[in-house]
Amino acid sequence: MDFGKIEKKWQKIWYKEGIYKSAGWRNGKPKKFYVLDMFPYPSGEGLHVGHPRGYIATDVSARYKTMNGYGVLHPMGWDAFGLPAENYALKHKIHPKIAVSKNIKRFKEQLSKFGFTYDWDKEINTTDPEYYKWTQWIFLKMFENGLVYESREPIIWCPSCRTSLALEDLENGGCERCGSAVEKKPLRQWVLKMTAYAEKLLDGLKSLDWPEPIKEQQKNWIGKSEGTTIKFKLTTNNQRPTTEYIEVFTTRLDTIFGCTYLVVAPEHPLIKNYELRIKNYGEVKKYINQAGKKTDLMRTDLAKEKTGIEIKGIKAINPFNNEEVPIFVADYVLGGYGTGAVMAVPAHDERDFEFAKKYNLPIKEVIIPNRIDKRNPPVSGKKTEERKNVHALVRNPKNNKFLCLKSKKFLWITFPMGGIERDEDVVDAARREVEEETGYKNLKLVRVLGGEVRAEYFAKHKNENRVAYTTGVLFDLINEEKSPVEKEWEDEHELMWINESDVNCETMCHAEMDVWLKRIKGEEQACTEDGVLINSKDFTGLESEVAREKMAAWLIKNKIGNKKINYKMRDWVFARQRYWGEPFPLVYCEACAEKIKSGKYKKGEFTKGELMNPGWVQISEKDLPVKLPNVKSYEPSGTGESPLVNIKEWVNARCPKCKGLGKRETNTMPQWAGSNWYYIAYLIKKGKKYEWDKKEIKKWLPVDLYVGGVEHATRHLLYARFWHKFLYDIGEVSTNEPFKKLMNQGLILAEDGRKMSKRWKNVVNPDDIIKVFGADAIRLYEMFMGPFGQSIAWNTDGIKGVSRFLDRVWKLSQKLDNKSREENKKLDGLINKTIKKVTEDIEEFRFNTAISALMILANEMEKYPQLSITNYQLLIKLLSPFAPFLTEEIWRKVLGKKKSIHLEKWPKYDTKLIVENKFKLIIQINGKFRDSIEAGKGVSEEEIKKLALNSEKIKTLVGNGKIKRVIYVKDRLINIVL
RNA sequence: GCCCGGGUGGCGGAACUGGUUAUACGCGAAGGACUUAAAAUCCUUUGUUCGCAAGGACAUGUGGGUUCGACUCCCACCCCGGGCACCA
């Protein structure tokens, strides 16, 4: 069979028949299915074998859904703006426009060979002016609605790419693209207020059928945290409090009584504002300068070691206890998050703890762990007794065993323990208890295991509930010398030494056990869990969660604080200083700027965005697109400005408002701009001009299935959701999420296990594979090689397997015989099982097992001398989404059908035929397989038992053994327990 | 450090909500058939180990546990991949 020839032939016929036109597919179909690939960046290197993995999967889905009666839209396009295209063009000294169109041509050729169902009428290209007209239009809408602002804050700058970066574009604190260390540089930027959508973006995740890890990643990226702001009044030079204050943000208001100092970020305004009153201003300034010099990369590297310096001369007052605490400046506090200042609670925050240790600052414990004994939980209705306890953990250093007591009556194992008497020292109490209960009297104190732990439990022996505040004390045994122990006690308790490994939460009957374990081995640590408050005045005894509520209420009442929600996510730096991107549809006009600043303008004369950014005037919609001009040199200017600044005739433009002279914005949009909405662009009405087509948008959105790599989890997928939600809010789209279901494909690695790259010379070109094995084989192999979501190494040998399979399927057509229907009845069970399996597997993206099921069926069919056409047709149909060429050839050429197999109905299975009435009964003895026999389904347990026990093998194995128990799993197995 | 995902034969990988002898399907390897020969194709074998054999023992990262029965559940640990990076 010459697959090269049949591939070409069918490709042509399909095109002529237009079977993949979504319009045609959609006509009269009651259900739609919009299946989308992440469109490629047409790089100069062409496709490698890894790229099409996702495309094949969507293609299988598209074909499967079509056969199931859906109207399917499956488009493809090109994401062609951005740095790589520009760098490629610079390197090869050709205009990016030309390079891009060349690359696209090559990509399209390569893709076409796979026989995808793409409707090429819908093809789009982000660099087409008719396309980016609408990118600009959406930007204008955002601008108009006040979601865009100009910023001169220091932004992240990559000196090698000579462009600004968004926070998301960093990798290990360096530039994602070139890996070089980034700097902070103050540059004029456009920023999109993505934070305004933080809550919506977070909330929307709930409704999405996306892989949980991706949702989790987005959730973490958005990083919502609910807390409180608190104003700490300032005092200077030990004078009375001023009216000025410093505001901090915390999520652990419950720990505020443990606050022993405050820390502000180096950028905090306090420092400048208080220059004169800060006694060590010189030192502080020096520290800040040093911190400012650290790039993000260094800051990350040095993250382990915290640095800081006290701001002398000013102190802050904790509003809850009026204590004065010192203020530090340290770069572990971030200027851009919360209020740029924190209250430090070293006892309950790891970072503060580390800092406090280093600088010898007081650590005050205000939260103690709280445990409810799961084995002996408090019983309602019983009285509750509160007491202070001590647990004595006595270790024998010779063998590392621990001293325990087993109650003969209650069978529980405990450490020597008891109540602390009034004014008694904990260590003394522990020694006393050990001596009283076990007799051992020579103990060496190792250390007290931290503070108290609160625990609630039911004390059986006293028939009352207990709330115990317990301290653990660790001793080493010096020698075996003992005092006598009370007779009565000794009768009821067994003394035992337990191995270190057995001192765990299971054997020991203490709710506090996990805390002791942590404290026994670990060095001192901050306890960051929620618990019960101590040393917190009126709030003492409350649980953390309750305390936070009550304390917040108190703050609000006294107007010294408020509840506050913060997000880690930042606004999106949406400007690049490069040539190859969408120009901003904005003109700067001095006259308009003056007008706005003076306030002498009419209502409605300027848009919200124009007022927010005085002087920047929107190009009117009818003048879009603002075309990217041709330039002689599109090298970055190096000054931090785009090369566009040098094209005077383009830069100088009339102000759209007052017609005075103005200047165009010369930054361009980042690569993500075009890819933010391309799934909508496929629905645009095309002609000489592209027209926004609300009807078509309403018809097709949302995307039902979106397939692409995980690497876009926090960027493309978040940006696109942001734009979509905005478009929804202004009524341009009718769904509030763009992508209903998302599937991630795993990477295909090179045969050496590394990423495929020109650099390693390990790239496999699909063209070569198709030439040797055919398009069907590569499609089938990529779906068969492993679970779709998992990264996997390419193995050209593996493709032989699927290629042989296709050959065998082809050969099966040589023994077709309509008369063999009766004979083939035996296949019914397997065929129906296979239909079920393949159907379900395609739905769930388990292509590898679907193909395996098809192989099993084909293998079975081979055993028959003749094969009925009906059965063969079923196999071919099931295979058709994976191998469109071969199956079409068989369908039309061999079976002589007129219409394409790809427009056929998907086979249905008959459950009745799957169910067999016999099964192989597995007989186990003590859970081990011993024999199997045929048995009828639905036979009673008694009969099965008889059958099993009558088996010769079982008879001999059971012998004289006594049968303790028989476990019978219906229609599966029987297990005889001896 | 924190958060995800994952560890099964020489390799890629199967195994439903704990239950039809773990390793389906494919690759590779070994032997055989066809051939002058090779390729292709077809047939057989293929987890490890003990045994002449019948048959047994051991095997799903490691160590424990729950269960009549564990790849599947629980606890502890080790390793690999990805994400985040002091977010108070």
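Chain A is the first sequence line, chain B the second, and so forth, proteins listed ahead of strands; every chain is numbered from 1.
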Considering only NZ, NE, NH1 and NH2 on the basic side and carboxylate oxygens on the acidic side, decide whether [X] and [Y] come within less than 4.0 Å.
X	Y	value
Arg252(A)	Glu350(A)	no
Arg548(A)	Glu545(A)	no
Glu199(A)	Lys224(A)	yes
Glu305(A)	Lys358(A)	yes
Lys215(A)	Glu212(A)	yes

Of the listed nucleotides ([options]), which one gets closest to any side-chain atom of [X]?
X	options	result
Val342(A)	rA24(B), rA88(B), rC27(B)	rA88(B)
Asp331(A)	rA88(B), rC86(B), rA24(B)	rC86(B)
Lys800(A)	rC86(B), rG83(B), rG28(B)	rG28(B)
Asn859(A)	rA88(B), rG26(B), rU41(B)	rG26(B)
Leu334(A)	rG83(B), rA88(B), rA14(B)	rA88(B)
Asp349(A)	rC27(B), rA88(B), rA15(B)	rA88(B)

Legend entry - Pair Ser225(A)-Asn566(A), side chain to side chain donor-acceptor pair (under 3.5 Å): steps then yes or no: CA-CA 5 Å; Ser225(A) 63; Asn566(A) 273 330; 5.5 Å; no
Legend entry - Position toward the 5' end of RNA chain B (nearest nucleotide), Glu212(A) or Lys837(A):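 Taking each residue's closest nucleotide, the earlier one in sequence belongs to Glu212(A).
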Inset, instruction - Let me know, please, whether Met569(A) or Glu216(A) comes out on the 5' side of the other along RNA chain B by nearest nucleotide. - result: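 In this pair, the answer is Glu216(A).
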In whole Å, what is the span from the [atom1] atom of [X] to the [atom2] atom of [N]?
X	N	atom1	atom2	result
Leu878(A)	rC25(B)	CG	P	18 Å
Ile856(A)	rA15(B)	CD1	C1'	12 Å
Arg846(A)	rG12(B)	CZ	P	22 Å
Leu854(A)	rA24(B)	CG	C1'	14 Å
Glu305(A)	rC86(B)	CD	P	16 Å

Looking only at atom [atom1], what distance separates [N] and [M], rounded to whole Å?
N	M	atom1	value
rA30(B)	rA38(B)	P	14 Å
rC78(B)	rC25(B)	C1'	32 Å
rG19(B)	rG82(B)	C1'	35 Å
rG51(B)	rA57(B)	C1'	11 Å
rC42(B)	rG56(B)	C1'	36 Å

Inset, instruction - Test Asn220(A) against Thr714(A) for side-chain contact (heavy atoms from CB on, under 4.5 Å), laying out the working first. - result: CA-CA 9 Å; Asn220(A) 290 341; Thr714(A) 47; over 6 Å; no
Inset, instruction - In sequence, state the C-alpha distance, the side-chain angles, and the governing distance for Tyr567(A) and Thr195(A), and then conclude on side-chain contact (heavy atoms from CB on, under 4.5 Å). - result: CA-CA 8 Å; Tyr567(A) 300 92; Thr195(A) 49; 5.5 Å; no
Legend entry - Syn/anti state of rG6(B) by chi, 90° boundary around 0: anti
Looking at [X], does any N or O in its side chain come under 4.0 Å of the phosphate oxygens OP1/OP2 on [N]?
X	N	value
Arg930(A)	rG69(B)	no
Arg965(A)	rC68(B)	yes
Ser225(A)	rA88(B)	yes
Tyr332(A)	rA88(B)	no

Across the strands shown, which category fits [X] at heavy-atom distances under 4.0 angstrom: base, sugar-phosphate, nothing?
X	result
Arg808(A)	sugar-phosphate
Asn848(A)	sugar-phosphate
Val977(A)	sugar-phosphate
Asp807(A)	nothing

Inset, instruction - Would you confirm whether the ring centroid of Tyr261(A) sits within less than 6.0 angstrom of the ring centroid of Phe355(A)? - result: yes
Inset, instruction - Might you work through the side chain to side chain donor-acceptor pair (under 3.5 Å) test for Asn975(A) and Arg965(A), ending with a clear yes or no? - result: CA-CA 8 Å; Asn975(A) 185 11; Arg965(A) 220 174 132 184; over 6 Å; no
Inset, instruction - Assign a letter to each nucleotide of nucleotides 16-23 of chain B from its 5' end: B, base within under 4.0 Å of a protein heavy atom; S, sugar-phosphate only; -, no contact. - result: B--BSB--
Legend entry - Mate of rC58(B) where both pairing distances stay under 3.5 Å, Watson-Crick or G-U: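 Checking every strand shown, rC58(B) finds its partner in rG47(B), with both distances under 3.5 Å.
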Inset, instruction - Any strand is fair game: report the nucleotide pairing with rA15(B) by Watson-Crick or G-U wobble, both distances under 3.5 Å, or none. - result: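 WC or wobble partner does not exist here.
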Inset, instruction - Specify the closest pair of heavy atoms between Leu973(A) and Tyr968(A), including all atoms of both residues, with the distance to one decimal. - result: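 Shortest heavy-atom contact: O-CD1, 3.5 Å.
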Inset, instruction - Inspect the surroundings of CD in Gln814(A) and state if more than 12 heavy atoms from other residues, nucleotides or ligands are less than 6.0 Å away. - result: yes
Inset, instruction - Kindly indicate whether the side chain of Lys568(A) and the base of rC84(B) share any N or O donor-acceptor pair separated by less than 3.5 Å? - result: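 No, the side chain and the base share no sub-3.5 Å donor-acceptor pair.
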Inset, instruction - Could you check which residues of residues 777-793 of chain A get a heavy atom under 4.0 Å from RNA chain B? Sort them by number, please. - result: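 Of all residues in residues 777-793 of chain A, the ones placing a heavy atom under 4.0 Å from RNA chain B are Phe784(A), Met785(A), Pro787(A), Gln790(A), Ile792(A).
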